[in-house]
Protein chains: 2
Amino acid sequence: MKLSSRTEYGVRAMVELAEAHGGGPVALREVAEKQGISEKYLEQLFAALRKEGLIYSQRGAQGGYTLAKAPGEIRVGDIVRALEGPIALCDCLANEEDDAVCERMGECAAHPLWVKLQDGITSILDSTTLQDMIAGASGDSANDIRGNSEEESPNE
Amino acid sequence: MKLSSRTEYGVRAMVELAEAHGGGPVALREVAEKQGISEKYLEQLFAALRKEGLIYSQRGAQGGYTLAKAPGEIRVGDIVRALEGPIALCDCLANEEDDAVCERMGECAAHPLWVKLQDGITSILDSTTLQDMIAGASGDSANDIRGNSEEESPNE
DNA sequence: GTAAATCCTACTGATTCGGTAGGAATTATG
DNA sequence: CATAATTCCTACCGAATCAGTAGGATTTAC
């Protein structure tokens with residue numbers, strides 16, 4: 001029940017790219033410095049993000065990284081999955097097509113809870129985009145993230 | 001984003017005790033065998049659960065472990081915290097009285113999301129009791145877990 | 001051509017994880 | 001009382017993961 005620094009760093013770095021979105025590519029070094037992350041370590045995270053098609057890289061002088069899609073199109077869940085692999089609280093939840101992994105299945109009283117928990121986590125991560133995060137960070141009305149998603153409509 | 005086997009085993013073992021609740025103490029060996037957990041390892045988990053007052057132990061022959069409270073009074077969150085320590089996705093969320101841990105605080109665009117995620121996880125874990133879990137396991141109407149929790153319990 | 005940048009692969013030290021080992025202390029039972 | 005069953009305690013261990021480092025190859029703007 002703890003975020004890896006991989007996830008923490010990766011998300012922060014992606015926010016950094018999101019804020020620079022529209023301008024030219026941003027150098028790894030710049031992101032690393034601004035976020036206080038080891039350059040070489042971040043390099044590996046970017047490699048993974050790139051492999052998953054979340055960022056685009058431009059080599060050579062004046063090169064750097066840019067988001068591969070608009071900030072509103074990139075969900076935090078995508079970032080986490082790119083960095084950590086599929087979100088699976090336990091092996092029996094890894095791949096739903098192959099349920100056989102959990103031989104205990106039928107008799108495991110805990111299973112439904114893990115499913116519920118995993119769904120909850122996934123839904124939070126997948127309902128937040130980079131756009132939401134930079135919106136929250138800039139303005140003081142950061143409540144678009146903190147509050148629940150679908151509420152506080154003009155009514156009520 | 002993965003459950004430790006500590007958590008997995010611990011919850012399963014507690015369910016086992018919950019099912020035996022009302023009868024005499026259950027020996028460690030029995031729980032370990034039924035759940036397919038190393039005896040010596042489970043011993044350590046029980047030590048932690050005992051220290052947190054979730055289970056009661058009776059030494060000597062015919063001894064064993066019993067829940068310290070009714071199954072409906074023990075939340076899964078309590079078990080997880082007993083085994084893993086406080087649920088804190090990252091250090092900056094560890095103790096809310098001392099926010100200073102996260103020097104980045106103001107500028108960290110990710111922080112609000114982690115708060116939301118942690119709250120989501122905690123609320124799921126704390127709204128499910130052992131009672132809910134054994135109810136789900138026995139009957140085929142396991143939906144009391146998957147659905148929301150506090151309702152319809154005319155038991156005990 | 002050169003400097004700036006990404007790319008790639010391997011290594012490493014520290015920590016955590018899951019588990020083992022061995023025995024001391026307690027207690028029900030015959 | 002003797003014994004067996006059981007919890008209790010502390011230390012240790014191998015393997016995996018984590019976070020980070022190292023070093024160089026490749027690409028490209030200027």
Side-chain angles (χ1 to χ4, degrees), chain A residues 1-13 16-17 20 23-68 80 83-85 88-91, chain B residues 1-13 16-17 20 23-68 80 83-85 88-91:
Chain A
M1 285 295 95
K2 191 142 191 313
L3 296 171
S4 65
S5 75
R6 238 179 125 79
T7 296
E8 260 188 272
Y9 292 172
V11 170
R12 295 223 309 263
E16 200 71 33
L17 291 190
V26 184
L28 172 68
R29 153 165 291 142
E30 194 181 333
V31 177
E33 266 171 14
K34 276 198 192 168
Q35 291 291 331
I37 304 172
S38 145
E39 229 172 285
K40 283 303 216 174
Y41 189 39
L42 186 57
E43 196 180 308
Q44 293 173 46
L45 307 191
F46 273 5
L49 293 168
R50 181 170 154 274
K51 196 168 297 178
E52 292 302 313
L54 296 183
I55 61 180
Y56 170 77
S57 71
Q58 163 109 21
R59 300 181 72 170
Q62 257 57 37
Y65 296 88
T66 49
L67 292 187
V80 173
L83 293 171
E84 310 261 22
L89 284 185
C90 57
D91 297 334
Chain B
M1 286 296 93
K2 189 141 191 312
L3 297 171
S4 64
S5 76
R6 238 178 125 80
T7 296
E8 259 188 273
Y9 291 171
V11 170
R12 294 221 312 261
E16 200 71 33
L17 291 190
V26 184
L28 174 67
R29 152 165 293 141
E30 195 182 331
V31 178
E33 264 171 14
K34 277 199 192 167
Q35 290 292 331
I37 304 173
S38 146
E39 231 172 284
K40 284 301 214 173
Y41 190 38
L42 185 56
E43 198 179 306
Q44 294 173 43
L45 307 191
F46 272 4
L49 294 167
R50 180 169 155 274
K51 196 168 299 177
E52 293 301 314
L54 296 182
I55 60 179
Y56 170 78
S57 71
Q58 163 110 22
R59 300 180 72 168
Q62 256 56 37
Y65 297 88
T66 50
L67 292 186
V80 173
L83 293 172
E84 310 259 23
L89 283 184
C90 56
D91 297 332

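Lettering of chains follows the sequences in order, A, B, ..., and the numbering in each one begins at 1. Quick caveat, the model's predicted, so the values are computed rather than measured.
Checking C/dT6, D/dT7, C/dG19 against the side-chain heavy atoms of B/Tyr65 singles out D/dT7 as nearest. Of the candidate nucleotides C/dA28, D/dG20, D/dA25, D/dA25 has the atom nearest to the side chain of A/Arg59.
For D/dT21, the base has a donor-acceptor partner in the side chain of A/Gln44 [N/O atoms by modelled type, under 3.5 angstrom]. For D/dG23, the base has a donor-acceptor partner in the side chain of A/Lys40 [N/O atoms by modelled type, under 3.5 angstrom].
Taking only side-chain nitrogens and oxygens, A/Ser38 comes nearer than 4.0 Å to OP1 or OP2 of D/dT21. In terms of phosphate contacts, B/Tyr9 brings a side-chain nitrogen or oxygen within less than 4.0 Å of OP1 or OP2 of C/dG19. Between B/Gln58 and the phosphate of C/dT26, there is no side-chain N or O to OP1/OP2 separation shorter than 4.0 Å. Taking side-chain N and O atoms only, B/Ser4 has no distance below 4.0 Å to OP1 or OP2 of C/dC17.
The nearest whole Å value for the distance from the CG atom in A/Leu83 to the C1' atom in D/dA19 is 14 Å. Per the geometry, CD belonging to A/Glu30 stands 15 Å off P belonging to C/dA4, to the nearest Å. Atom NZ in B/Lys2 sits about 8 Å away from atom P in C/dG18, given to the nearest Å. Between the CD atom of A/Glu8 and the P atom of D/dA19 there is a distance of 9 Å, rounded to whole Å. When rounded to the nearest whole Å, the span between CD of B/Gln35 and C1' of C/dG18 equals 17 Å. Rounded to whole Å, atom P of C/dT6 lies 14 Å from atom CG of A/Leu45. With rounding to whole Å, B/Leu28 atom CG is found 14 Å from D/dC9 atom P.
Judged by distance alone, with hydrogens and angles left aside, the side-chain atoms of A/Ser5 form no donor-acceptor pair with the main-chain N or O of A/Glu8 at under 3.5 Å.
Mapping A/Gly60 and A/Ser5 onto DNA chain D by nearest heavy atom places A/Ser5 closer to the 5' end of the strand. Toward the 5′ end of DNA chain D lies the nearest nucleotide of A/Tyr41, the other residue of the pair A/Tyr41 and A/Gln62 mapping further downstream. For the pair A/Phe46 and A/Ala61, nearest-nucleotide mapping onto DNA chain C gives the more 5' position to A/Ala61.
Between A/Tyr56 and A/Tyr65, the gap from one ring centroid to the other reaches at least 6.0 Å.
Near-neighbour residues of DNA chain C inside residues 48-57 of chain A, defined by a heavy atom below 4.0 Å, number-ordered: A/Arg50, A/Ser57.
Exactly one residue among B/Leu49, B/Leu54, B/Thr66, B/Leu67 makes a side chain to side chain contact (heavy atoms under 4.5 Å, CB included) with B/Leu17. That residue is B/Leu67.
A/Glu43 has its side chain within reach of A/Lys40: a pair of non-hydrogen atoms, C-beta onward, lies under 4.5 Å apart. Contact annotation: the side chain of A/Leu89 never approaches that of B/Lys2 to less than 4.5 Å [non-hydrogen atoms, C-beta and beyond].
The pair B/Glu84-B/Arg6 does not count as a salt bridge, with every side-chain nitrogen at least 4.0 angstrom from each carboxylate oxygen.
Taking each heavy atom of B/Leu45 and B/Gly10 in turn, the nearest pair found is CD1-N, 4.0 Å. Scanning all heavy atoms of the two residues, the minimum distance from A/Leu83 to A/Ala48 falls at CD2-CB, 4.2 Å.
Among the protein residues, B/Glu43 comes within range of the nucleic acid bases, having at least one heavy atom under 4.0 Å from a base atom.
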